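For reference, the structure is listed below as structure tokens.
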Amino acid sequence: MVDLAAADDRPLRSHARRNRERIIDAARDALTGTGEDTSLNEIARRAGVGIGTLFRHFPNREALLEALTHEQTSALCAQARLLLDTPEPAVALASWLRDLVAHLATYRGLSASLLGGSGLGHSYQAIDAAATALLVRAQKAGEVRADLDVPALISIAGAVSWLVELGPEQARRADVVLTVLADGLRAAD
């Protein structure tokens with residue numbers, strides 16, 4: 001697991017900082033396209049650095065994805081905190097689930113890395129905590145099924161984000177799927 005706080009706090013020389021930024025920019029470009037299968041070698045090439053330089057900054061693909069999505073994950077979790085104050089817990093959970101799907105669909109392979117347990121420690125922990133707070137609140141209010149747990153909720157988001165990654169037509173279907181899922185999450189009357 002990458003400690004983002006420690007990695008961001010250590011001072012980098014200007015050359016190293018530029019290389020890190022170039023790697024992140026190249027990864028952003030590569031992984032928002034057809035992306036999932038883009039190799040780290042290809043990302044290093046696009047960044048204009050050697051593979052050793054990439055690995056000095058990011059020891060594996062998950063560390064690179066974690067750095068790439070750090071700000072977005074923080075914003076997603078901040079949104080969850082705001083939604084905790086809304087009057088309808090089930091609506092808040094469904095809204096955040098849509099935000100989570102959009103987040104996971106941002107970069108090819110992000111949902112697979114998050115759901116596959118292959119890394120993304122900080123991101124997974126933050127998303128898990130946000131999902132737990134929203135889910136528990138909705139369940140305590142009796143608005144969401146009691147048998148739903150956070151891993152299932154995150155798996156649902158990951159599966160729907162995969163649809164979004166497939167293209168615009170599937171992305172439109174994903175919205176319908178999310179609406180049906182939100183209805184299915186509601187507690188029985």
Side-chain angles (χ1 to χ4, degrees), residues 24 27-38 61-62 64-120 122-189:
I24 289 174
R28 184 176 294 113
D29 291 344
L31 298 175
T32 54
T34 57
E36 184 175 355
D37 296 327
T38 303
R61 183 179 200 82
E62 286 73 28
L64 179 57
L65 277 170
E66 178 106 26
L68 190 60
T69 62
H70 179 68
E71 285 181 32
Q72 292 167 315
T73 299
S74 295
L76 178 69
C77 293
Q79 180 63 19
R81 287 188 294 278
L82 291 174
L83 287 168
L84 287 171
D85 293 330
T86 61
E88 298 178 68
V91 172
L93 179 63
S95 173
W96 188 79
L97 188 60
R98 286 181 186 282
D99 293 342
L100 177 58
V101 166
H103 171 67
L104 292 175
T106 303
Y107 298 108
R108 296 276 180 166
L110 178 59
S111 60
S113 290
L114 187 71
L115 298 173
S118 58
L120 299 180
H122 175 267
S123 290
Y124 188 86
Q125 290 169 1
I127 289 169
D128 184 87
T132 298
L134 289 166
L135 179 60
V136 167
R137 178 175 176 255
Q139 287 172 327
K140 283 184 178 179
E143 294 182 14
V144 171
R145 312 165 53 113
D147 62 343
L148 180 64
D149 63 8
V150 171
L153 188 67
I154 293 173
S155 294
I156 289 167
V160 177
S161 74
W162 176 75
L163 280 175
V164 175
E165 287 182 14
L166 294 177
E169 184 177 328
Q170 295 298 334
R172 285 189 292 280
R173 286 190 184 128
D175 189 56
V176 172
V177 169
L178 275 172
T179 300
V180 170
L181 284 170
D183 289 344
L185 297 179
R186 292 201 177 266
D189 292 331

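Given the structure is predicted, the values throughout are model-derived calculations rather than measurements.
- Inter-residue side-chain proximity for Q79 and L100 is flagged as unmet; no heavy-atom pair is nearer than 4.5 Å.
- With rounding to the nearest 0.5 Å, the separation of CG in L185 from CG in L178 is 9.5 Å.
- A182 and A94 get closest at one heavy-atom pair: CB-CB, 3.8 Å.
- At a threshold of 4.5 Å between non-hydrogen side-chain atoms, the residues L97 and V160 do not count as touching.
- From S155, atom OG reaches atom CG of D149 across 8.5 Å, with rounding to the nearest 0.5 Å.
- With rounding to the nearest 0.5 angstrom, the CG atom of L68 is 10.5 Å from the CZ atom of R61.
- Closest of all the heavy-atom pairs between R137 and D85 is NH2-C, 4.3 Å.
- With a 4.5 Å cut-off on side-chain heavy atoms, E143 and L93 do not count as touching.
- With rounding to the nearest 0.5 Å, the separation of CG in L65 from OG1 in T73 is 10.0 Å.
- Between the side chain of S95 and the backbone N or O of V91, no donor-acceptor pair lies under 3.5 Å.
- One N or O on the side chain of Q139 and one on the backbone of L148 form a donor-acceptor pair closer than 3.5 Å.
- Here the shortest heavy-atom pairing between R186 and A90 reads NH1-CB, 3.4 Å.
- In this structure, the separation between CG on L134 and OG1 on T86 is 8.0 Å, given to the nearest 0.5 Å.
- When side chains are defined from C-beta on, L104 does not count as touching W162, because their heavy atoms never get closer than 4.5 Å.
- Between R98 and T179, the shortest heavy-atom contact is NH2-OG1, 2.8 Å.
- Between L76 and W96 the shortest heavy-atom distance is O-NE1, 3.0 Å.
- Taking every heavy atom of both residues into account, P89 and A141 meet most closely at CG-CB, 3.8 Å.
- Looking at T106 and R28, their side chains never bring a donor and an acceptor atom within 3.5 Å of each other.
- Rounding to the nearest 0.5 angstrom, the gap separating the CZ atom in R173 from the CD atom in E169 is 4.5 Å.
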